[in-house]
Amino acid sequence: MTKYLFEANYVGEGIKGLMREGGTKRRAALVDTLNSVGGSLESFYYAFGDTDVLGVFDIPDQASAAALSLIVNSSGSVNVRLKPLLTPEDIDDAAKKTPTYRAPGQ
């Protein structure tokens with residue numbers, strides 16, 4: 001499973017739907033959506049300012065994460081952004097790799 005940080009903003013009818021349904025029902029809807037692709041919700045918070053809602057979920061693979069992003073964003077009611085999260089051990093593994101690279105202009 002891969003953990004993802006999600007940040008989302010409600011837009012247009014999405015804001016009205018949130019006000020009508022309330023926060024707990026929208027969280028439950030996300031849990032149902034994650035369950036449908038074998039994922040699970042770790043944390044979920046509402047905020048104000050640049051981001052309306054954020055949290056962390058686990059999902060089995062990148063294709064499932066992409067499908068989730070596509071279906072939510074295609075609704076036109078929510079704009080969601082996903083960021084894969086890496087563990088310190090993931091960074092340890094990355095630091096051991098030695099890819100070749102040529103910087104631009106060199």
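- Two residues are said to be in side-chain contact when any heavy atoms from C-beta on lie closer than 4.5 Å; R81 and T51 meet this criterion.
- Aromatic ring orientation, F44 versus F6: tilted (interplanar angle from 30° to 60°).
- More than 12 heavy atoms of other residues, nucleotides or ligands shown are found within 6.0 angstrom of OH on Y46.
- Crowding of E42 atom CD: a count of heavy atoms from other residues, nucleotides or ligands under 6.0 Å exceeding 12.
- Heavy atoms from other residues, nucleotides or ligands lying under 6.0 Å from CG of D92 number more than 12.
- Between L54 and A47, the closest heavy-atom pair is CD2-CB, 4.4 Å.
- The minimum heavy-atom distance between L68 and L34, with the atom names listed, is CD2-CD2, 3.9 Å.
- Atom OH of residue Y10 and atom NZ of residue K16 lie 16.0 Å apart, to the nearest 0.5 angstrom.
- At least one side-chain heavy atom of L85 sits under 4.5 Å from a side-chain heavy atom of V56.
- Contact check for N35 versus T33: no side-chain heavy atoms found under the 4.5 Å cut-off.
- Pairing each heavy atom of V37 with each of S64, the nearest pair is O-OG, 4.0 Å.
- Residue S77 holds its OG atom at 8.5 Å from CZ of R26, rounded to the nearest 0.5 Å.
- Atom CD1 of I71 sits in a sparse spot, with 12 or fewer heavy atoms from other residues, nucleotides or ligands closer than 6.0 Å.
- To the nearest 0.5 angstrom, L41 atom CG is 9.0 Å from D58 atom CG.
- In this structure the side chain of V78 never reaches within 4.5 angstrom of the side chain of N9, judged on heavy atoms.
- D61 is not listed as a side-chain neighbour of T2, based on a closest heavy-atom distance of 4.5 Å or more.
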